[in-house]
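Counting begins at 1 with the first residue of the sequence.
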Amino acid sequence: VYVRRINFNGADSVNDEAFRREMRQLEGGYLSNALVDRSKVLLQRLPYIEKVEQKSDPVSGSPDLVDVDFDIEEGLPGQFGGSLGFSETYGITLGGNFIHSNFMGTGKRVALDLRAGEYQKVYDVNFTDPYRNIDGVARTLSLTYRDLTQFTSSTSDFSTTTLSAGANWGYPISEYQVLRFGFAYQDSELVVSSFSSQE
């Protein structure tokens, strides 16, 4: 028995490609229950998928052909949060974060983390492409900016600004193992004024 077509039902906000790259059972290939089950597991592991049901339907008039249908229930693709704090030492501190695991239906992940206050400002952005190429290599790009004023700023005015950028890759060496490697660049600067301590 061979697979004529693989259908994905019930997931309108996800591109077809994002599902097909998870398939171990291929169209035109011999039907394998093990490959179909593995494909179902990989679909369920996607962070924006809540539930997956699978069935095989015989093709009318062709006893050696079936269509494999995946009925997919989508979950929330993203999350966001915020924070508000106050202390006599640090003043008011604001924070916010946002993560979207299915950016524009592509299955790519975008994450933002923002924090700001009198003594610190942190801006962090991450972008992950889980299938950078046909071999299933994942790539994550990150960019972070930090501006930290020292606790003693009232008596010794100085601060540090740090800009860092990095990239890392995940290379699948088997169905269950991934080799990860990457690099990062960081530039730090000490900002002082005429009131800063010489030490």
Side-chain angles (χ1 to χ4, degrees), residues 1-82 96-113 124-143 165-184:
V1 178
Y2 293 87
V3 176
R4 183 186 70 166
R5 185 178 296 117
I6 296 176
N7 302 310
F8 306 101
N9 307 315
D12 299 329
S13 64
V14 185
N15 294 348
D16 187 72
E17 178 186 359
F19 291 140
R20 294 198 178 275
R21 64 195 182 193
E22 303 292 341
M23 291 295 98
R24 297 303 179 258
Q25 173 68 63
L26 302 179
E27 292 179 337
Y30 185 79
L31 177 64
S32 168
N33 291 331
L35 293 179
V36 171
D37 290 342
R38 181 59 183 164
S39 300
K40 178 182 176 181
V41 169
L42 292 176
L43 289 176
Q44 289 179 326
R45 285 172 50 185
L46 295 174
Y48 43 87
I49 299 303
E50 186 73 24
K51 184 179 180 181
V52 179
E53 297 291 342
Q54 181 274 323
K55 61 181 178 179
S56 298
D57 296 323
V59 176
S60 178
S62 300
D64 61 339
L65 293 177
V66 298
D67 289 339
V68 176
D69 294 319
F70 291 96
D71 296 323
I72 298 173
E73 180 181 337
E74 293 185 62
L76 294 176
Q79 61 186 35
F80 63 91
N97 59 78
F98 171 77
I99 299 174
H100 202 293
S101 301
N102 183 33
F103 185 66
M104 299 185 69
T106 62
K108 298 176 182 178
R109 181 180 184 272
V110 175
L112 303 175
D113 185 15
D124 184 56
V125 181
N126 286 276
F127 177 77
T128 300
D129 185 349
Y131 279 86
R132 182 59 184 167
N133 60 22
I134 196 173
D135 296 320
V137 175
R139 184 188 69 180
T140 298
L141 303 176
S142 60
L143 181 65
N168 66 73
W169 291 264
Y171 185 84
I173 56 178
S174 73
E175 188 70 21
Y176 304 96
Q177 294 178 312
V178 176
L179 176 64
R180 298 190 181 278
F181 58 93
F183 68 90

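- Using a 4.5 Å cut-off on side-chain heavy atoms (C-beta onward), R38 and V41 make contact.
- Using a cut-off of 4.0 Å between Lys/Arg side-chain N and Asp/Glu carboxylate O, R20 and E27 are scored as salt-bridged.
- Taking the six-membered ring where tryptophan is involved, the planes of F70 and F8 are essentially parallel, since the angle between them stays under 30° and well short of 60°.
- Side-chain contact between Y171 and R132 is absent, with no heavy-atom pair separated by less than 4.5 Å.
- Judged by distance alone, the side chain of N133 and the main-chain N or O of D135 form a donor-acceptor pair under 3.5 Å.
- By the 30° and 60° cut-offs, the orientation of the rings of F103 relative to F127 is perpendicular.
- Note that CD of E22 is 11.0 Å distant from CD of E17, once rounded to the nearest 0.5 Å.
- The number of heavy-atom neighbours closer than 6.0 Å to OH of Y30, taken from other residues, nucleotides and ligands shown, is 12 or below.
- In this structure, Q177 and P172 have side chains that are not in contact, with every pair of non-hydrogen atoms separated by 4.5 Å or more.
- A 4.5 Å side-chain heavy-atom check between L31 and V36 finds at least one atom pair inside the cut-off.
- In this structure the side chain of P130 reaches within 4.5 angstrom of the side chain of R21, judged on heavy atoms.
- A distance of 6.5 Å separates CG in D67 from CG in D57, rounded to the nearest 0.5 Å.
- Counting all heavy atoms, side chain and backbone alike, G136 lies closest to Y131 at CA-CD2, 3.5 Å.
- With 3.5 Å as the limit, one finds no donor-acceptor pair spanning the side chains of D113 and N97.
- Remark: L76 CG is loosely packed, at most 12 non-hydrogen atoms of other residues, nucleotides or ligands lying under 6.0 Å away.
- When all heavy atoms of Y2 and G28 are compared, the pair lying nearest together is CD2-O, 3.9 Å.
- Here D12 contributes atom CG and I72 contributes atom CD1; the two are 10.5 Å apart, rounded to the nearest 0.5 Å.
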Between R180 and T140, does a side chain to side chain contact (heavy atoms under 4.5 Å, CB included) hold up when you go through it step by step?
CA-CA 11 Å; R180 298 190 181 278; T140 298; over 6 Å; no

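- Two residues are said to be in side-chain contact when any heavy atoms from C-beta on lie closer than 4.5 Å; Q25 and S32 meet this criterion.
- Once rounded to the nearest 0.5 Å, the distance linking CG of L179 with OG of S174 reads 11.0 Å.
- Rounding to the nearest 0.5 Å places CD of Q79 at 11.0 Å from NE2 of H100.
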Start with the C-alpha distance between E74 and S13, add both sets of side-chain angles, then the distance that settles side chain to side chain contact (heavy atoms under 4.5 Å, CB included), and finish with yes or no.
CA-CA 9 Å; E74 293 185 62; S13 64; 2.4 Å; yes

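- Closest of all the heavy-atom pairs between V14 and N102 is CG2-ND2, 3.5 Å.
- Considering all non-hydrogen atoms of both residues, V52 and L43 come closest at CG2-CB, 4.0 Å.
- Side-chain contact between L46 and F19: present, with at least one pair of heavy atoms (C-beta onward) separated by less than 4.5 Å.
- Between E53 and K51, at least one side-chain N (NZ, or NE/NH1/NH2) sits under 4.0 Å from a carboxylate O, which counts as a salt bridge.
- More than 12 non-hydrogen atoms from other residues, nucleotides or ligands lie less than 6.0 angstrom from CD1 of I173.
- In this structure, OG1 in T128 is found 10.0 Å from CZ in R139, a value given to the nearest 0.5 Å.
- Side-chain contact between R5 and D69: absent, with no pair of heavy atoms (C-beta onward) separated by less than 4.5 Å.
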